[in-house]
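Worksheet: one structure, shown below.
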Amino acid sequence: MRIGADYYPEHWDKERWKIDAQMMVKANIKVIRIGEFAWSLYEPEEDRYDFSWMDEALDYFNQYGIKVVLCTPSATPPKWMTDRYPDIFQDDIHGNAKIFGTRKHYCFNSDTYRKKTSILVDKIAERYAGHPAVEAWQIDNELGWSNTTRCYCDKCKKKFQGWLKNKYKTIENLNKKYGTVFWSQIYNSFEEVIIPRAGACYDTCHDTQGQNPGLLLDYDRFSSDSVISFMNESVDRIKKYSNKPITTNMLDAAVNSGTGIDYFKCAEKLDFVSWDNYIEFQWGIAQAATVSRDHALLRSYKKRPFWVMEQQSGACGWSKMGPTPTPGKLRLWTYQAVANGADTVVYFRWRACPFGTEEYWHGILNHDGKPNRRYKEISQIGFEMEKLSQKFGALQPKAKVAIIKSFDSEWSHSIHKHVEGFQYDELLLSYYRPFYDMGIAVDFVSPEDTLEGYSLVLAPAFLIVPEDSRNNLENYVKNGGTLLISFRSGIKDESNNMFQETVPGCLRELAGVEINDYDPLLEKHIKVSGIFGKGQADLWCDIIEPTSAKTLGYYVEDFYAGKSCMTVNKVGKGNVYYLGCDLDDDAMRQLMEYLSEKADIAMEFMNIEGVEISNTTDGNQNAVFVMNHNAYPIVIDMNHSYTELITDVKIEDTLTLEPYGVAILQ
Ligand code: GAL
């Protein structure tokens with residue numbers, strides 16, 4: 001466990017490096033991430049390279065024992081390149097080429113860009129593979145950031161057609177899978193297949209462009225594959241020269257829904273994953289439960305300790321700023337990451353930059369570069385991490401609960417979202433939150449992952465269930481597992497078509513229910529009652545007819561009053577629960593308490609609102625993190641005595657935490 005900073009040696013006079021390095025050492029900053037936007041320094045003119053500045057920077061920080069994550073700089077192609085090779089630009093959904101001036105405007109399928117990137121990555125990897133300061137590599141920066149995964153240029157169109165040919169083999173097969181007989185869309189050859197740019201229907205169907213759902217889903221898959229293949233090309237290049245670990249910095253779950261990279265797939269070739277965590281900034285304030293969920297996702301993509309590669313460290317925004325982190329919050333956010341499975345937290349950025357788009361984006365230091373309140377707090381964290389890392393290896397929460405996260409389902413839900421207000425990501429969060437409140441760890445699993453070791457598996461709106469995954473679920477339950485399936489699960493095939501079987505399609509027998517009627521609520525709110533107490537559905541109501549299942553909850557109004565909204569079905573040694581509607585927070589909390597009890601999952605101790613508890617292990621020893629996200633002090637009743645590991649104080653009956661306070665207990 002340790003901390004680092006994102007550093008830009010190229011932004012400062014070299015005389016300043018000394019002060020920075022000394023201040024970093026003093027604060028126990030062990031690692032810096034550098035070089036992700038520096039292409040125009042490395043290659044100021046085509047084929048003229050200059051590595052002297054990076055040589056100097058690496059040697060300089062190495063003297064201080066500071067380790068480096070060295071980046072490939074493909075996020076920002078230089079001006080000469082975009083002028084000479086304008087075909088490297090992406091086209092937006094309307095077919096307009098992007099322009100120079102920001103970043104991430106290049107097309108992942110541009111052969112020119114891939115070639116240029118590979119040449120430079122080769123040179124950087126060859127030159128610095130053996131440098132003693134370099135301990136890891138970062139590919140690009142925030143792949144897919146700001147709607148850049150999906151490009152709509154002719155190069156992508158051609159590659160997409162090849163991708164389709166490879167997948168469907170014959171055009172007849174594609175026509176059948178897509179149902180192109182609808183609206184006279186039958187293709188005679190792969191060369192005729194379009195990419196889903198904004199179409200004639202754009203104004204009325206702006207979410208989806210009114211295009212064929214199978215085509216849209218394939219374009220999402222193709223675009224994700226394109227980004228991953230671009231990234232993997234750089235990974236492979238580096239691996240020729242270096243066996244140091246490679247990562248890329250991912251985005252949070254909410255942003256990812258928009259960017260659309262399958263992070264499970266993306267993680268496959270990486271040695272570890274990392275992400276960028278901004279909590280209170282120009283664009284809003286994230287709730288602690290949401291951030292915790294995002295950490296859990298990151299932990300799950302690779303199933304090993306992850307890094308935060310950019311952790312907010314000051315007030316931030318581009319044109320306007322969000323609030324400065326209240327004293328204690330930097331420390332709280334850092335421990336929240338560690339408690340959820342991060343082993344390195346790197347702050348963005350070391351010092352606020354006086355120029356460029358991000359002139360308001362504060363780092364640890366303000367523009368003046370002097371030690372300040374935040375530097376003091378970071379130094380305290382650095383000291384504590386040093387102490388903890390002498391005792392523990394990387395700590396990971398012990399999760400007994402898993403939520404299935406399916407990127408195919410996510411994309412399909414966003415193409416045709418079933419009912420206004422429905423968001424897959426939000427639904428997953430509503431399943432995560434009760435466990436967060438109870439201090440029970442949750443992993444996310446892909447549809448292909450093994451479910452072994454989990455006592456409770458939740459499958460919210462698991463729309464597209466591949467055959468293997470269905471069998472996986474069945475075996476899990478037969479062997480004694482507890483599974484909950486929700487509305488809008490199992491009802492579509494892999495081409496994004498509705499199944500013709502009765503809802504819930506391929507999960508019908510497992511759930512022991514049939515649904516012959518359902519109600520997308522739009523503006524209605526429906527009262528329900530069941531083992532979760534009383535509650536309310538705001539989005540969706542499946543009117544359940546149990547076949548072999550038993551009813552656990554009822555609708556109490558509208559024409560389906562008295563019909564089932566929730567059931568349980570015994571399968572082998574386990575149970576399958578089916579929840580036909582969404583539920584408000586209180587009912588959801590009660591439901592998850594009930595299921596946790598059924599699945600024998602215990603809370604560490606009684607929790608109170610706004611306090612996050614994470615029970616972790618490094619394989620040898622356990623540590624319980626207690627984090628107060630409230631702006632007021634809290635007192636928790638303890639069931640037995642602990643030692644607080646930072647202060648070495650014994651905690652007997654109660655634990656008191658100051659606002660934003662953290663305790664690490666053993
Ligand atoms: C991240 C990005 C950084 C920096 C930061 C502040 O998304 O990776 O390069 O731009 O946001 O805007």
Side-chain angles (χ1 to χ4, degrees), residues 4-12 31-41 68-78 101-106 136-149 227 231 234 247-261 263 266 270 273-286 290-291 294-295 298 306-325 330 333 337 342 344-367 374:
D6 297 298
Y7 190 62
Y8 297 86
E10 69 276 27
H11 290 179
W12 312 103
V31 58
I32 52 177
R33 188 221 31 196
I34 62 179
E36 76 276 25
F37 300 122
W39 195 325
S40 60
L41 291 178
V68 169
V69 177
L70 188 57
C71 304
T72 63
S74 49
T76 43
T102 59
R103 55 181 177 180
K104 314 282 313 165
H105 33 25
Y106 63 88
W137 305 92
Q138 176 186 301
I139 308 294
D140 203 280
N141 188 74
E142 292 186 340
L143 290 159
W145 171 83
S146 191
N147 249 331
T148 52
T149 292
V227 176
M231 180 193 83
S234 290
T247 191
T248 193
N249 51 341
M250 296 173 163
L251 288 152
D252 62 71
V255 176
N256 179 51
S257 301
T259 57
I261 299 169
Y263 278 158
C266 182
L270 299 171
V273 294
S274 58
W275 78 291
D276 297 348
N277 183 18
Y278 295 99
I279 298 171
E280 302 185 348
F281 63 174
Q282 169 178 9
W283 296 284
I285 310 257
T290 311
V291 179
D294 287 347
H295 286 310
L298 261 285
F306 64 93
W307 291 30
V308 179
M309 197 57 94
E310 295 181 18
Q311 172 66 53
Q312 177 176 358
S313 61
C316 26
W318 281 7
S319 57
K320 298 169 261 177
M321 283 170 268
T324 188
L330 297 181
W333 294 340
T344 303
V345 178
V346 182
Y347 299 98
F348 187 89
R349 47 184 279 161
W350 171 246
R351 176 178 172 186
C353 188
F355 43 79
T357 308
E358 295 180 354
E359 59 182 357
Y360 294 164
W361 205 286
H362 287 74
I364 300 171
L365 307 184
N366 293 333
H367 298 92
R374 300 192 301 282

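Any value given below was found using the heavy atoms of this structure, including those in side chains, with hydrogens, waters and symmetry copies removed. Each ligand, and each atom within it, is numbered from 1 in the order the structure gives.
Annotation: the span from Thr324 atom OG1 to Asn366 atom CG amounts to 8.0 Å, rounded to 0.5 Å. Here CG of Asp276 is found 6.5 Å from CG of Leu251. Values are rounded to the nearest 0.5 Å.
Not counting sequence neighbours, Trp333 has no partner by the side-chain hydrogen bond (donor to acceptor under 3.5 Å, both in side chains) test. Glu142 meets the salt bridge (charged side-chain N to carboxylate O under 4.0 Å, His left out) test with no other residue; sequence neighbours excluded.
No side-chain donor-acceptor contact under 3.5 Å links Thr72 and Ser234.
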What does the contact table look like for ligand 1 (nitrogen or oxygen on each side, cut-off under 3.5 Å)?
residue: ligand 1; atom: 7 (O); partner: Glu142; partner atom: OE1; Å: 2.5
residue: ligand 1; atom: 7 (O); partner: Glu142; partner atom: OE2; Å: 2.7
residue: ligand 1; atom: 8 (O); partner: Asn141; partner atom: ND2; Å: 2.8
residue: ligand 1; atom: 8 (O); partner: Glu142; partner atom: OE1; Å: 3.2
residue: ligand 1; atom: 8 (O); partner: Glu142; partner atom: OE2; Å: 3.2
residue: ligand 1; atom: 8 (O); partner: Glu310; partner atom: OE1; Å: 3.1
residue: ligand 1; atom: 8 (O); partner: Glu310; partner atom: OE2; Å: 2.7
residue: ligand 1; atom: 9 (O); partner: Arg103; partner atom: NH1; Å: 2.9
residue: ligand 1; atom: 10 (O); partner: Arg103; partner atom: NH1; Å: 3.0
residue: ligand 1; atom: 10 (O); partner: Arg103; partner atom: NH2; Å: 2.9
residue: ligand 1; atom: 10 (O); partner: Glu358; partner atom: OE1; Å: 3.3
residue: ligand 1; atom: 10 (O); partner: Glu358; partner atom: OE2; Å: 2.3
residue: ligand 1; atom: 12 (O); partner: Trp318; partner atom: NE1; Å: 3.1
residue: ligand 1; atom: 12 (O); partner: Glu358; partner atom: OE2; Å: 2.7

Distance-only criterion, 3.5 Å: show the donor-acceptor pairs between side-chain atoms of residues 355-362 and protein atoms not counting sequence neighbours.
residue: Glu358; atom: OE2; partner: Trp318; partner atom: NE1; Å: 3.1
residue: His362; atom: ND1; partner: Ala315; partner atom: O; Å: 3.2
residue: His362; atom: ND1; partner: Tyr360; partner atom: O; Å: 2.8

